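For reference, the structure discussed in these notes is given below.
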Amino acid sequence: MTTKGLVPEDTSDFRSGTFWQGFFDCRGDRPFEWYGDWRQLKPLAAPLCGGGRRVLVLGCGNSELSANMYDDGIKDITNIDFVKSVVAAMMRKNLRIRPRMKWQGMDMT
């Protein structure tokens, strides 16, 4: 795989829906985790996310983070991203098995 479409030409590309659409098209179905997966983040994040707290995942993309959190008992999760095709794909993937998780296509900038 080449880096074309995966690496922005300029930092302003991070605000571009076109860049992110190309990014996810290049990656295919492989999830992208920005900071690590739930197994790595759980020791720090679980105490902040548990106890019925609502969780907002900004720029969720096709990350499996929120699905893993949900499966670990954190149910009130809203995922947003401005690449609507990725949001739709993640909604289809998760809706039946994680019915309380929410997905919204929107720009968070």
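Quick caveat, the model's predicted, so the values are computed rather than measured.
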Rounded to the nearest 0.5 Å, how far does CG of Leu95 lie from CD1 of Ile97?
9.5 Å

Between the NZ atom in Lys75 and the OH atom in Tyr70, the distance rounded to the nearest 0.5 Å is 4.5 Å

Phe82 reachable from Trp34 in the ILVMFWY side-chain graph, under 4.5 Å edges:
yes

State yes or no: do Leu44 and Ile77 share one hydrophobic cluster built from I, L, V, M, F, W and Y residues joined by side-chain heavy-atom distances below 4.5 Å, directly or via other members?
no

Once rounded to the nearest 0.5 Å, what's the spacing between atom CG of Asp10 and atom CZ of Phe19?
11.0 Å

Which side-chain N or O atoms in residues 55-66 pair as donor and acceptor under 3.5 Å with protein atoms at least two apart or in another chain?
| from | atom 1 | to | atom 2 | distance (Å) |
| --- | --- | --- | --- | --- |
| Asn62 | OD1 | Phe32 | N | 2.9 |
| Asn62 | ND2 | Arg30 | O | 3.0 |
| Ser63 | OG | Glu33 | OE1 | 2.4 |
| Ser63 | OG | Glu33 | OE2 | 3.4 |
| Ser63 | OG | Leu65 | N | 3.0 |
| Ser66 | OG | Asn79 | OD1 | 2.9 |

Side chains of Trp103 and Asn94: closer than 4.5 Å at any heavy-atom pair?
yes

In this structure, CH2 of Trp38 is separated from CG of Asp71 (nearest 0.5 Å) by 11.5 Å

Rounded to the nearest 0.5 Å, the CD1 atom of Ile74 sits from the CZ atom of Arg100 at a distance of 11.5 Å

Is it the case that the side chain of Arg53 and the backbone of Pro47 share a donor-acceptor pair, with hydrogens and angles ignored and the cut-off at 3.5 Å?
yes

Any donor-acceptor N or O pair under 3.5 Å, side chains Thr78, Gln104
no

Kindly compute the distance separating NZ (Lys102) from CE (Met91), expressed to the nearest 0.5 Å.
11.5 Å

Sub-3.5 Å donor-acceptor pair from the side chain of Asp37 to the main-chain atoms of Gln40, do we have one?
yes

Side chain to side chain donor-acceptor pair (under 3.5 Å) partners of Arg92, counting only residues at least two apart:
none

With sequence neighbours left out, write down each residue that passes salt bridge (Lys or Arg N to Asp or Glu O under 4.0 Å) with Asp25, or none if nothing qualifies.
none

